[in-house]
Amino acid sequence: MRQRRAGALLAACAWLDSYFAAVPPLPLPALHLMGTPFQRRVWRLLLEIPYGRTTTYGALAREYERRFGSRTSARAVGGAIGRNPISIIVPCHRVLGTDGSIAGYAGGVKRKRALLALEGAGR
């Protein structure tokens, strides 16, 4: 068990090193996300947003409804995103307000802007 944890941490560190080197990151390390079923489905959608691209809370709510057959609001999606436990690997910084504004981020709007700039989002 200890070796598996060490391997998972090494994989996560390698992923983060790649990410902060401003190159598209390596394949994702193994994730074991713990949250409600709704939160985990929203986080799964976040994992599909490509590096350097953005989407909106409203677009994610529509995709959630299309994919899972259950209506939800942009606000509910935002609530699930705000509870994302690993916010760089599960890229909640790639989600913007409907008007393209840099809306909330648990790490602060300044960090969200920096992460988007690192990825070259919006160029």
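All values below were derived from every heavy atom in this structure, side-chain atoms included, with hydrogens, water molecules and symmetry-related copies excluded. Just so it is clear, the model here is predicted, and its values are computed rather than measured.
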Got Y64 and R44 here, is their nearest side-chain heavy-atom distance under 4.5 Å?
no
Which value, rounded to the nearest 0.5 Å, describes the distance between K112 atom NZ and L116 atom CG?
7.0 Å
Quick one: which residue pairs count as a salt bridge (Lys or Arg N to Asp or Glu O under 4.0 Å) with a foot in residues 26-36, not counting sequence neighbours?
none
Could you tell me which residues satisfy side-chain hydrogen bond (donor to acceptor under 3.5 Å, both in side chains) with Y19, sequence neighbours excluded, listed by chain and number?
H93, E119
Check whether any side-chain heavy atom of L16 lies under 4.5 Å from a side-chain heavy atom of I88, and answer yes or no.
yes
Non-hydrogen side-chain atoms of L10 and W15 separated by less than 4.5 Å:
no
Treating Ile, Leu, Val, Met, Phe, Trp and Tyr as nodes and any side-chain heavy-atom pair under 4.5 angstrom as an edge, say whether V95 and Y51 lie in one connected cluster.
yes
Do W43 and P85 have side-chain heavy atoms sitting under 4.5 Å apart?
yes
Can you give me every donor-acceptor pair (side chain of residues 27-39, partner residue at least two apart or in another chain, under 3.5 Å) with its distance?
{"from": "T36", "atom 1": "OG1", "to": "Q39", "atom 2": "N", "distance (Å)": "3.0"}
{"from": "Q39", "atom 1": "OE1", "to": "T36", "atom 2": "N", "distance (Å)": "2.9"}

Rounded to the nearest 0.5 Å, what's the gap from CG on L46 to CG on L60? Could you check?
6.0 Å
Considering residues at least two apart in sequence or located in another chain, which fulfil the side-chain hydrogen bond (donor to acceptor under 3.5 Å, both in side chains) criterion with S101?
D99
For residues Y105 and R111, is any side-chain donor paired with an opposing acceptor at under 3.5 Å?
no
Once rounded to the nearest 0.5 Å, what's the spacing between atom OG of S87 and atom CG of L115?
8.0 Å
Taking only distance into account, with no hydrogens and no angle test, what donor-acceptor pairs under 3.5 Å do side-chain atoms of residues 73-84 form with protein atoms, sequence neighbours excluded?
{"from": "S73", "atom 1": "OG", "to": "R75", "atom 2": "N", "distance (Å)": "3.4"}
{"from": "S73", "atom 1": "OG", "to": "A76", "atom 2": "N", "distance (Å)": "3.0"}
{"from": "R83", "atom 1": "NH1", "to": "G79", "atom 2": "O", "distance (Å)": "2.8"}
{"from": "N84", "atom 1": "OD1", "to": "I86", "atom 2": "N", "distance (Å)": "3.1"}
{"from": "N84", "atom 1": "ND2", "to": "V90", "atom 2": "O", "distance (Å)": "2.7"}

Can you pull out every salt bridge (Lys or Arg N to Asp or Glu O under 4.0 Å) where at least one residue sits in residues 56-70? Sequence neighbours excluded, please.
E48-R67, E63-R66, E63-R67
Side chains of R41 and L45 in contact at under 4.5 Å (non-hydrogen atoms)
no
Pairwise side-chain contact, Y57 with L96, heavy-atom cut-off 4.5 Å (strictly under):
no
